[in-house]
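In what follows, a single structure is set out as structure tokens and then discussed.
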Amino acid sequence: MTVDFCGIELANPIINASGTIDAVAAGRVFGARLHDEFPFAAFVTKTVTNAPREGNPPPRLWELAGGLLNSIGLPNKGIERFLAEDLPRLAQLPVPTIVNVMGFSRGEVAELTAALEDRDEASAIELNVSCPNVETGMTMGADPHELALLLHHVRPVTSKPLIVKLTPNASDVSAVARAAQDGGADAVSLINTLRGMALHPVTGASWLGGRTGGVSGPSVRAIALAQVDSVRRAIDLPIVGIGGVQRGCDALDLLRAGATLVAVGTESFRDPAAGRRIAWELEGLLANSPV
């Protein structure tokens with residue numbers, strides 16, 4: 001099931017969704033076993049920002065009947081400590097590393113991208129464009145023109161493959177995907193989480209410390225399929241399909257809808273080895289029913 005993804009050879013099409021596994025922390029717990037039995041064909045890091053972030057106040061999670069509502073808030077060490085402490089450890093993984101970054105302005109995203117250019121440990125860069133640009137107030141990934149301006153700043157500073165992680169909250173996700181392709185992106189990934197809310201069962205106040213959060217898991221699977229299908233009809237770039245993947249058949253559906261790779265997210269919280277299991281199930285399905 002080897003896949004050539006933006007010039008990176010992967011053993012199979014199953015990777016993780018950003019923020020759903022901490023390989024550095026897992027390495028401290030599982031040691032050599034993590035290396036020998038790593039569940040994904042590539043590792044996508046948690047989002048890295050320019051300055052350190054503590055994330056949102058607790059509570060941060062609410063379990064849904066069909067998935068999870070999270071308001072984590074992108075806690076991370078910041079790019080300086082990530083480069084010094086985490087990236088060298090991630091280089092010891094048996095798979096390529098894709099670094100996910102997010103900034104609050106075009107210049108900030110360009111700075112983060114440039115900081116990774118000379119780091120061989122990073123095989124590709126994923127741009128989380130679901131945050132508002134502080135200069136315009138617009139979400140950079142929701143508007144084609146805004147995304148085009150972002151890539152105008154970012155594309156010249158790196159030769160590494162650029163993956164644009166699209167927001168599902170755009171009015172026309174296909175138009176945004178076309179802007180990503182025209183702006184020089186090498187691939188897109190979708191979908192990110194959908195905005196949701198949970199109320200305290202007694203007080204009626206918002207349960208999450210961040211008031212609202214992102215919905216993920218099986219409940220968004222049909223939306224992911226529809227958006228991947230729409231984007232595939234609009235662009236020729238490789239697509240990372242994300243959303244509600246629990247089994248090999250779910251991954252196969254996304255591949256049939258037009259995805260090149262499939263990312264597993266919420267299911268890894270229930271089953272840390274989900275990536276390996278889903279890849280094994282997918283291999284069996286493909287042997288009998290090719291994409």
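FYI, the numbering just counts along the sequence from 1. These numbers come from the heavy atoms of this one structure, side chains and all, not from hydrogens, waters or symmetry mates.
The neighbour count for Glu117 CD, taken as heavy atoms of other residues, nucleotides or ligands under 6.0 Å away, is above 12. Heavy-atom neighbours of His145 NE2 from other residues, nucleotides or ligands within 6.0 Å: at or below the threshold of 12. More than 12 non-hydrogen atoms from other residues, nucleotides or ligands lie less than 6.0 angstrom from CD of Glu37.
Put simply, the side chain of Val109 does not reach to within 4.5 Å of the side chain of His153, judged on heavy atoms. A heavy-atom distance below 4.5 Å is found between the side chains of Asp271 and Arg277. Considering only heavy atoms from C-beta on, Val188 comes within 4.5 Å of Ile235 through its side chain. A heavy-atom distance below 4.5 Å is not found between the side chains of Thr45 and Ile98. Side-chain contact between Asp86 and Val48 is absent, with no heavy-atom pair separated by less than 4.5 Å. Looking only at side-chain heavy atoms (C-beta outward), Leu69 and Val215 come within less than 4.5 Å of each other. A 4.5 Å side-chain heavy-atom check between Val262 and Pro13 finds every atom pair outside the cut-off. Under the 4.5 Å side-chain criterion, counting only non-hydrogen atoms from C-beta, Asn50 is in contact with Glu111.
Put simply, the side chain of Thr193 never gets that close to the backbone of Gly214: no donor and acceptor are under 3.5 Å apart. Checked by atom type and distance alone, the side chain of Trp207 never pairs as donor or acceptor with a backbone atom of Thr212 at under 3.5 Å. With hydrogens and angles disregarded, no donor-acceptor distance shorter than 3.5 Å links the side chain of Thr20 to the backbone of Thr266. Panel note: side chain Asp143, backbone Thr139; no donor-acceptor pair is recorded below 3.5 Å. At distances below 3.5 Å, at least one donor-acceptor pair connects side-chain atoms of Lys160 with backbone N or O atoms of Arg119. Under the 3.5 Å distance criterion, the side-chain polar atoms of Asn56 are matched with a main-chain donor or acceptor of Ser71.
In the hydrophobic cluster analysis, where Ile, Leu, Val, Met, Phe, Trp and Tyr join through side-chain heavy atoms closer than 4.5 angstrom, Phe5 is grouped apart from Val164. Note: the hydrophobic cluster containing Ile223 also contains Val176 (ILVMFWY, side chain heavy atoms under 4.5 Å, direct or indirect links). No continuous path of ILVMFWY side-chain contacts below 4.5 Å connects Ile242 to Ile125, so the two sit in separate hydrophobic clusters. Note on Val228 and Leu194: same hydrophobic cluster, where clusters join Ile, Leu, Val, Met, Phe, Trp and Tyr whose side-chain heavy atoms are under 4.5 Å apart, directly or indirectly. Under a hydrophobic-cluster definition in which Ile, Leu, Val, Met, Phe, Trp and Tyr are linked whenever side-chain heavy atoms come within less than 4.5 Å, directly or via other members, Leu150 and Leu166 are assigned to the same cluster.
Here the closest heavy-atom approach between residue Pro161 and residue Cys6 is recorded as CG-O, 3.7 Å. Heavy-atom minimum distance, Ser174 versus Val231: OG-N, 3.9 Å.
Side-chain contact, Ser123 with Thr97: no donor N or O sits under 3.5 Å from an acceptor N or O.
Rounding to the nearest 0.5 angstrom, the gap separating the OG1 atom in Thr47 from the CZ atom in Phe82 is 10.5 Å. Here the CD1-CG distance, from Ile191 to Asn169, works out to 9.0 Å after rounding to the nearest 0.5 Å. Atom CZ of residue Phe43 and atom CG of residue Asp22 lie 6.5 Å apart, to the nearest 0.5 angstrom. Distance check: Ser206 OG to Trp62 CH2 gives 10.0 Å after rounding to the nearest 0.5 Å. Here CZ of Arg53 is found 12.5 Å from NZ of Lys46. Values are rounded to the nearest 0.5 Å. Taking CZ of Arg232 as the reference point, atom CG of Leu190 lies at 10.0 Å (rounded to 0.5 Å).
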Exercise for the section: Decide yes or no on side-chain contact (heavy atoms from CB on, under 4.5 Å) for Glu126 and Val101, but give the supporting numbers first. Expected result: CA-CA 6 Å; Glu126 183 176 56; Val101 299; over 6 Å; no

Practice task
Determine, step by step, whether Leu87 and Arg89 satisfy the side-chain contact (heavy atoms from CB on, under 4.5 Å) criterion, reporting the C-alpha distance in whole Å, the side-chain angles of both residues, the deciding distance to 0.1 Å, and the verdict.
Solution key: CA-CA 5 Å; Leu87 195 54; Arg89 295 190 181 104; over 6 Å; no

Handout entry: Derivation of the side-chain contact (heavy atoms from CB on, under 4.5 Å) call for Lys165 and Leu127
Key = CA-CA 6 Å; Lys165 188 166 189 178; Leu127 305 179; over 6 Å; no

Handout entry: Step-by-step side-chain contact (heavy atoms from CB on, under 4.5 Å) determination, Leu261 to Leu254
Key = CA-CA 8 Å; Leu261 301 181; Leu254 281 169; over 6 Å; no

Problem - Verdict with supporting geometry, Thr167 and Asn192, side-chain hydrogen bond (donor to acceptor under 3.5 Å, both in side chains) - result: CA-CA 5 Å; Thr167 171; Asn192 208 332; over 6 Å; no

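For Arg178 and Asp182, the salt-bridge test fails: no basic side-chain N is under 4.0 Å from an acidic carboxylate O. With salt bridges taken as basic N to acidic carboxylate O contacts below 4.0 Å, one links Lys77 and Glu85. A salt bridge links Arg221 to Asp250: one of the charged nitrogens lies within less than 4.0 Å of a carboxylate oxygen. A salt bridge does not link Arg33 to Asp36: none of the charged side-chain nitrogens sits closer than 4.0 Å to a carboxylate oxygen. Salt bridge Arg106/Glu146: present, at least one basic N to carboxylate O contact under 4.0 Å.
The only member of Val240, Val44, Asn100 that meets side-chain contact (heavy atoms from CB on, under 4.5 Å) when paired with Ser189 is Val240.
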